[in-house]
Peer 1: 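Pasting a structure here, questions to come.
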2 protein chains.
Amino acid sequence: MKLTSKGRYAVMALADLAQFDSINPVSLRDISLRQGISLDYLEQIFLKLKKNQIVKSIRGTHGGYVLSKKPNEIKLNNIFYAVDEKVKTVQCKKESKKGCNGKATKCVTHNLWDELETHINSFFEKKSLEDLLKENIERRI
Amino acid sequence: MKLTSKGRYAVMALADLAQFDSINPVSLRDISLRQGISLDYLEQIFLKLKKNQIVKSIRGTHGGYVLSKKPNEIKLNNIFYAVDEKVKTVQCKKESKKGCNGKATKCVTHNLWDELETHINSFFEKKSLEDLLKENIERRI
DNA sequence: ACATTCCTGACTAAATTGGTCAAGTATAGA
DNA sequence: TCTATACTTGACCAATTTAGTCAGGAATGT
Ligand code: FES
Ligand code: FES
């Protein structure tokens, strides 16, 4: 079970945005430099974040991105959903009555993985971008 | 974030074992047929489970595998540890003081992922093979 | 002897990841 | 108006990981 860079980068970048977008829009170049993430890769990520109304874009010189909601309204699961970083624990299709391995009934572990998925998602639903920033400020003090 | 088949199979196979090993050792062939898992792949998995003292092997005709502890003593994290299915959320090396992206300090999200890792692992530490079986019996009634 | 089952290492096809590259379009400021 | 900056979009790709397969051997019960 591991977190992919896409999800990690999305959250890093948005945390960066939340810190710096209050005065001016933040360019991907700045984020790239500050956070050490490939600019080209960031572009892919922000395209998705924009489609999901998590950020707004401003083109042209001194353009960049701005959060489209307040940090406390952006939960981690919104971010993950936007960049298709989904938590997938079961093998089978959930809607189908068939199990993994193609059998007619769900396997012994099916329900366990489903519980796990819920457990993990509850973490993402609770945490907002604001929580993340707060913790970081406290840490510095 | 997804669970790999290796981890899923290991738990499925051990659940099968727990159900059937009380009288005779269970052969991988049986597990393979019942659970629909490749025999060759199961062999790789059981090698690791054996090295970690989760199962014992009996060779020869009518041989097979048996749990080496009681189902309530085998927690999911023991199983996952045995087959190297680790939960990995941070990018950086935890011990090192350096961050991901090679910077001198940990990134903004580091602590968040660490919390997530703890959150997930607590699920695995709580659940035992016995819990899994119990839930399944209840479900059938 | 022989069938069964565990044991072990080497190999591989397919999918996923984590990007890069190229070619735009829009806008601000000189 | 020209140009630099920055977003937009699609195509492409190398490296890694996953989920196995294959081939052979070693132990043991009948
Ligand atoms: S994971 Fe859903 S049936 Fe096995
Ligand atoms: S994940 Fe540890 S420093 Fe970024």
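A note on names: the letters A, B, ... follow the listed sequences, proteins ahead of strands, and every chain is numbered from 1.
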Peer 1: Counting any heavy atom closer than 4.0 Å, what does B/Tyr65 reach on the DNA or RNA strands: base, sugar-phosphate only, or nothing?
Peer 2: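 B/Tyr65: backbone/sugar contact only, no base atoms under 4.0 Å.
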Peer 1: Between B/Glu130 and B/Lys70, is the closest basic N to carboxylate O distance under 4.0 Å?
Peer 2: no
Peer 1: Between A/Gln91 and B/Arg8, is any pair of side-chain heavy atoms under 4.5 Å apart?
Peer 2: yes
Peer 1: For B/Gln91 and for B/Leu47, locate the closest nucleotide of DNA chain C by heavy-atom distance; then report the residue assigned to the nucleotide nearer the 5' terminus.
Peer 2: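 On the 5' side of the pair lies B/Leu47.
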Peer 1: Measure from CG on A/Leu49 to P on D/dT8 and round the result to the nearest Å.
Peer 2: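 Nearest whole value for this atom pair: 11 Å.
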Peer 1: So, A/Asn52 side chain and A/Ile54 main chain: donor-acceptor pair closer than 3.5 Å or not?
Peer 2: no
Peer 1: Flag the pair B/Asp114 and B/Lys94 as a salt bridge only when some basic side-chain nitrogen lies within less than 4.0 angstrom of an acidic carboxylate oxygen.
Peer 2: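 Answer for the salt bridge query: yes.
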Peer 1: Should B/Asn111 and A/Glu135 be marked as a side chain to side chain contact (heavy atoms under 4.5 Å, CB included) after you check the CA-CA gap, both sets of side-chain angles, and the distance that decides it?
Peer 2: CA-CA 9 Å; B/Asn111 208 256; A/Glu135 280 178 35; 4.2 Å; yes
Peer 1: Compare side-chain N and O positions of A/Ser57 against OP1 and OP2 of D/dT8 and report whether any pair is under 4.0 Å apart.
Peer 2: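 It does, given that an N or O in the side chain of A/Ser57 lies less than 4.0 Å from OP1 or OP2 of D/dT8.
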Peer 1: Do B/Asp30 and B/Phe20 touch side chain to side chain, with heavy atoms closer than 4.5 Å?
Peer 2: no
Peer 1: Just how far, in rounded Å, is C1' of C/dT16 from NZ of A/Lys2?
Peer 2: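 Taking NZ of A/Lys2 and C1' of C/dT16, I get 10 Å after rounding.
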Peer 1: Please report the distance, rounded to the nearest Å, between CZ in A/Arg29 and P in D/dC7.
Peer 2: 10 Å
Peer 1: Based on the rotation axes of five pairs at each end, what angle does the helix from C/dA1-D/dT30 to C/dA30-D/dT1 bend through, to 10°?
Peer 2: 10°
Peer 1: For DNA chain D, what residues of residues 98-111 of chain A have any heavy atom nearer than 4.0 Å?
Peer 2: none
Peer 1: Going by the side-chain hydrogen bond (donor to acceptor under 3.5 Å, both in side chains) test, which pairs reach into residues 78-89 of chain A, not counting sequence neighbours?
Peer 2: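 Counting only pairs at least two positions apart or across chains, the side-chain hydrogen bond (donor to acceptor under 3.5 Å, both in side chains) contacts touching residues 78-89 of chain A are A/Thr4-A/Glu85, A/Lys48-A/Asp84, A/Thr89-A/Glu117.
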Peer 1: Where does the angle between the aromatic ring planes of A/Phe46 and A/Tyr65 fall among parallel (under 30°), tilted (30 to 60°) and perpendicular (over 60°)?
Peer 2: tilted
Peer 1: Quick one: what's the B/S/- string for nucleotides 20-30 of chain C, heavy-atom cutoff under 4.0 Å, read 5' to 3'?
Peer 2: BB--BBBBB--
Peer 1: Could you go step by step and tell me if B/Asp131 and B/Ser128 meet the side-chain hydrogen bond (donor to acceptor under 3.5 Å, both in side chains) rule?
Peer 2: CA-CA 5 Å; B/Asp131 299 331; B/Ser128 74; 3.3 Å; yes
Peer 1: What does B/Val26 touch in the nucleic acid at a heavy-atom separation under 4.0 angstrom: a base, only the sugar-phosphate, or nothing?
Peer 2: sugar-phosphate
Peer 1: Does the A/Asp21 side chain pair with the main chain of A/Val26, one donor and one acceptor, at a distance under 3.5 Å?
Peer 2: no
Peer 1: Could you go step by step and tell me if A/His110 and A/Cys92 meet the side chain to side chain contact (heavy atoms under 4.5 Å, CB included) rule?
Peer 2: CA-CA 8 Å; A/His110 179 91; A/Cys92 61; 3.2 Å; yes
Peer 1: Roughly, in whole Å, what's the span from NZ in B/Lys48 to C1' in C/dC7?
Peer 2: 14 Å
Peer 1: For B/Ile37 and D/dT18, what is the distance between atoms CD1 and C1' respectively, to the nearest whole Å?
Peer 2: 15 Å
Peer 1: For B/Glu43, give me all partners under salt bridge (charged side-chain N to carboxylate O under 4.0 Å, His left out), at least two apart in sequence or on another chain.
Peer 2: none
Peer 1: Please list residues of residues 6-13 of chain B whose heavy atoms come under 4.0 Å from any atom in DNA chain D, ordered by number; otherwise none.
Peer 2: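 Result for residues 6-13 of chain B: B/Lys6, B/Tyr9, sorted by number.
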Peer 1: Could you give the NZ-to-P distance, from A/Lys51 to D/dC7, as a whole number of Å?
Peer 2: 16 Å
Peer 1: Grab the CG-P distance between A/Leu28 and D/dT9 for me, whole Å please.
Peer 2: 13 Å
Peer 1: Just how far, in rounded Å, is P of C/dT5 from CG of B/Leu42?
Peer 2: 14 Å
Peer 1: Could you label the plane-to-plane angle of the A/Phe80 and A/Phe124 rings as parallel, tilted or perpendicular, counting under 30° as parallel and over 60° as perpendicular?
Peer 2: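 Answer is tilted, since the angle falls between 30° and 60°.
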Peer 1: Tell me whether the OP1 or OP2 atom of C/dC6 has a side-chain N or O from B/Lys50 closer than 4.0 Å.
Peer 2: no
Peer 1: If Ile, Leu, Val, Met, Phe, Trp and Tyr residues are connected whenever their side-chain heavy atoms lie under 4.5 Å apart, and connections chain through other members, are A/Phe123 and A/Leu116 in the same group?
Peer 2: yes
